[in-house]
Amino acid sequence: MFTYSSIQQYHISLLNNSTTCLQAVEFYLQQIEAKKHLNAYVDVYAEEALQKARELDEKRKSGEPLKKLHGVVIGIKDVICYKGHQVTAASHILGGFTATYNATAVERLLAEDAIIIGSLNCDEFAMGSSNENSFYGKTLNAIDESRVPGGSSGGSAVAVQADLCMVSLGSDTGGSVRQPADFCGIIGLKPTYGRISRYGLIAYASSFDQIGIFGKNVPDIALTLEIMAGADDFDSTVAQEEVESYSSMVQDAKPLRIAYFKDAIDHPSLDVEMAGAMKNYLDRLSEKGHQVTGIDFDFLEYIVPTYYVLTTAEASSNLSRFDGVRYGYRVNDENIDLTSFYSQSRSQGFGKEVKRRIMLGTFVLSAGYFDAYFTQAQKVRKQLYDQTQLIFRDFDVIILPTVPSPAFKFGEKSGDPTAMYLADIYTVYANLVGIPAISLPVFTHSNGMPFGVQVMTNQFCELSLLQFSHQMMQQ
């Protein structure tokens, strides 16, 4: 039976002929079918994946050297364009829409001979923390199917958690990779804003969105990031900084100066058991030679409101393009005027949570409230950035919890949007200031659910983030 532990081990097995790409794809297709009830996949590209596997096996037999992702089976979130395949952002309003080009991230994966096996379920337009907002229905957490897998990239997290692919891609606007990684007991990385091109990523909030990576080990994530990162002529916001050889240097590690926010660890919203585990974890890091210091951070209570004011404003603008005219769902009534056509198409096409955020964003951008909300939120964001840069003058790493509680039950928070939004208190910070962050699955709660620790470094310091994370996962 096919087994998978890492890309490196998989390639060794391919080269010594103990497995084939075809066997790998057949295994994952069987897994996807056997665990179909988890609802992780929106579309599965079975025949295409099998054909690509056969071609790669032939290339290898003919003596061609293996490319970096030769035969690696990857799933992509249903907000990332893959030419000739449906991409809907898990929304009725984009039902049946087919991508006309590849996202840059996808293009680079394919160039290294990756096999994309399907698109993955998510909250509609990446808006949600539980994967309960998808047009295709909820995705189940494979550890406890009565609990949410997290969101918005819930399908991407479950696909890796339940062995439905080797690595998966998600998108992270305020924690949508790290939070589901935490709930599902796997690793989830959000790179620096602009580290990976957003070309081909359906936008939620353009100054926050970043493609992220799920995996079960740090070297796999490091290699995937290395391949996708870098400059792109199709994205004016992408970073021009040189991409380091993350995969070859991830083993290196050294003692670091670590900061944690005292208010975050002692916050009343943080589960008591999780708070205790975090404090013990920080003590162990100190015993291992790291310099660990608790610092004051006065902005914690402003993070979530600032995030939701700014992201909903950007969403209101970005989602105005979905009007039923050019593509996607449109109301089927020839006897209505244009205004009613727009209104009915959008009302019927968008789900409840998306409409809530569009309305909130339109409100904070309106003439009477723009300065009171949007302008003030931008000022807070600038202060957060400045404070973060001051912290990184004295420290290499910031450590926080990823979430305030383990995975919650379905329906537990869906009736209270404010409670759902406040659960993002620890993750939205990294998106507000554009720094990389990773969630590492290092704990198990007494209720049997996993939970992790969140590690952050300064912008474009992914190498030290990955090195530290790899070291932590080896212990």
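All values reported here derive from a predicted model rather than from experimental measurement. These numbers come from the heavy atoms of this one structure, side chains and all, not from hydrogens, waters or symmetry mates. Count residues from 1 along the sequence.
- In this structure, Phe350 CZ and Asn133 CG are separated by 13.5 Å, a value rounded to the nearest 0.5 Å.
- Of the possible donor and acceptor atoms, one in the side chain of Asp172 sits under 3.5 Å from a partner among the backbone N and O of Val177.
- Contact record, Pro436 with Thr192: CD-OG1, 3.2 Å, taken as the closest heavy-atom pair.
- In this structure, Tyr329 contributes its side chain and Ser91 its backbone to no donor-acceptor pair below 3.5 Å.
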Candidate pair Phe341 and Val325, rule side-chain contact (heavy atoms from CB on, under 4.5 Å), full reasoning: CA-CA 9 Å; Phe341 170 81; Val325 174; 3.7 Å; yes

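- When atom types are taken as modelled, the side chain of Glu314 and the backbone of Ser206 share a donor-acceptor pair closer than 3.5 angstrom.
- Between Tyr28 and Tyr4, the angle of the ring planes goes over 60°, which puts this pair in the perpendicular group of the 30/60° scheme.
- Around NZ of Lys83, the count of heavy atoms belonging to other residues, nucleotides or ligands within 6.0 Å does not exceed 12.
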Candidate pair Val73 and Val25, rule side-chain contact (heavy atoms from CB on, under 4.5 Å), full reasoning: CA-CA 7 Å; Val73 179; Val25 170; 4.1 Å; yes

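- Counting only distance, with no hydrogens or angles, the side chain of Thr98 and the backbone of Gly84 share no donor-acceptor pair below 3.5 Å.
- Nearest approach of Val455 to Leu465, heavy atoms of both residues: O-CD1, 3.4 Å.
- Between Ser130 and Phe408 there is a side-chain heavy-atom pair separated by less than 4.5 Å.
- A cation-pi contact, defined as under 6.0 Å to the ring centre and within 45° of the axis, links Arg381 to Phe208.
- Inspection of the Asn217 and Ser6 side chains reveals no N or O donor paired with an N or O acceptor under 3.5 Å.
- The distance from the CD1 atom of Ile74 to the OG atom of Ser156 is 11.5 Å, given to the nearest 0.5 Å.
- Across all their heavy atoms, Ile7 and Asp220 have their closest contact at N-OD1, 2.9 Å.
- For Asp182 and Arg178, the salt-bridge test fails: no basic side-chain N is under 4.0 Å from an acidic carboxylate O.
- When the shell of 6.0 Å around OH of Tyr101 is examined, it contains more than 12 heavy atoms from other residues, nucleotides or ligands.
- Between Val160 and Cys165 there is a side-chain heavy-atom pair separated by less than 4.5 Å.
- Here the options are Tyr307, Tyr385, Phe297, the test is ring-ring contact (aromatic ring centres under 6.0 Å, His included), and the partner is Tyr429; only Phe297 passes.
- For OH of Tyr369, the number of neighbouring non-hydrogen atoms (other residues, nucleotides, ligands) closer than 6.0 Å is 12 at most.
- Of the options Thr418, Ile425, Leu432, Val309, a side chain to side chain contact (heavy atoms under 4.5 Å, CB included) to Val304 is made by Ile425 and by none of the others.
- Taking the side chain as every heavy atom from C-beta outward, Cys184 and Asn141 approach each other to under 4.5 Å.
- Between Cys122 and Val79, the shortest heavy-atom distance links the atoms SG-CG1, 4.2 Å.
- Using modelled atom types and a 3.5 Å distance limit, the side chains of Tyr327 and Arg321 yield no donor-acceptor pair.
- In terms of the side chain to side chain donor-acceptor pair (under 3.5 Å) criterion, Gln179 has no residue partners (sequence neighbours excluded).
- Of the possible polar contacts, none joining the Asp323 side chain to the Tyr342 backbone as a donor-acceptor pair under 3.5 Å is found.
- Between Pro404 and Ala423, the shortest heavy-atom distance links the atoms CD-O, 3.3 Å.
- Gln459 contributes atom CD, which lies 11.0 Å from atom CZ of Arg195 (distance to the nearest 0.5 angstrom).
- Applying the 6.0 Å contact sphere to CG of Asp337 captures more than 12 heavy atoms from other residues, nucleotides or ligands.
- The shortest distance between side-chain heavy atoms of Ile117 and Leu29 falls below 4.5 Å.
- Checked by atom type, the side-chain pair Thr88/Asp78 shows a donor-acceptor distance below 3.5 Å.
- Minimum heavy-atom separation, Ser345 to Arg330: OG-CA, 3.6 Å.
- Between Met228 and Leu169, the closest side-chain pair of non-hydrogen atoms falls below 4.5 Å.
- The side-chain heavy atoms of Arg108 and Thr104, taken from C-beta on, include a pair separated by under 4.5 Å.
- When the options Thr139, Asp123, Asn39, Asn121 are evaluated for a side-chain hydrogen bond (donor to acceptor under 3.5 Å, both in side chains) with Ser134, the one that passes is Asn121.
- One distance of note links OG of Ser247 with CG of Leu223; it measures 5.0 Å at 0.5 Å rounding.
- No donor-acceptor pair closer than 3.5 Å links the side chain of Glu241 to the backbone N or O of Phe460.
- Lys216 and Asp163 are joined by a salt bridge, as a carboxylate oxygen and a charged side-chain nitrogen come within less than 4.0 angstrom of each other.
- Interatomic distance, CD of Glu273 versus CG of Asn447, reported as 7.5 Å (0.5 Å rounding).
- Judged by distance alone, the side chain of Glu124 and the main-chain N or O of Val354 form no donor-acceptor pair under 3.5 Å.
- Counting heavy atoms from C-beta on, the side chains of Met274 and Pro401 never come closer than 4.5 Å.
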Worked verdict on Leu319 versus Met127 for side-chain contact (heavy atoms from CB on, under 4.5 Å): CA-CA 12 Å; Leu319 271 63; Met127 298 181 187; 3.8 Å; yes

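- For Ser316 and Thr362, the side-chain atoms include at least one donor-acceptor pair closer than 3.5 Å.
- From Asn431, atom CG reaches atom CG of Asp424 across 9.5 Å, with rounding to the nearest 0.5 Å.
- Arg357 and Glu353 are joined by a salt bridge, as a carboxylate oxygen and a charged side-chain nitrogen come within less than 4.0 angstrom of each other.
- Here the side chains of Val158 and Leu140 are not in contact, with every heavy-atom distance at 4.5 Å or above.
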Steps toward side-chain contact (heavy atoms from CB on, under 4.5 Å) verdict (Ile115, Tyr45): CA-CA 10 Å; Ile115 299 173; Tyr45 316 138; over 6 Å; no

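- In this structure, His85 and Tyr82 have parallel ring planes: the angle between them is below the 30° cut-off, well short of the 60° mark.
- The six-membered or imidazole ring of Phe125 lies away from that of Tyr204, with a centre-to-centre distance of 6.0 Å or more.
- Pairs passing the ring-ring contact (aromatic ring centres under 6.0 Å, His included) check and including a residue from residues 136-178, sequence neighbours excluded, do not occur.
- Proximity of a side-chain donor or acceptor of Lys52 to a complementary backbone N or O of Ala114 within less than 3.5 Å is detected.
- Listed for the Asn458 side chain is no donor-acceptor partner under 3.5 Å among the backbone atoms of Cys461.
- Not one N or O on the side chain of Glu145 forms a donor-acceptor pair closer than 3.5 Å with the backbone of Leu38.
- Qualifying ring pair (Phe, Tyr, Trp, His ring centres under 6.0 Å) partners for Tyr246, counting only residues two or more places apart in sequence or in other chains: none.
- Side-chain contact annotation: Lys77 with Ser171, donor-acceptor N/O pair under 3.5 Å present.
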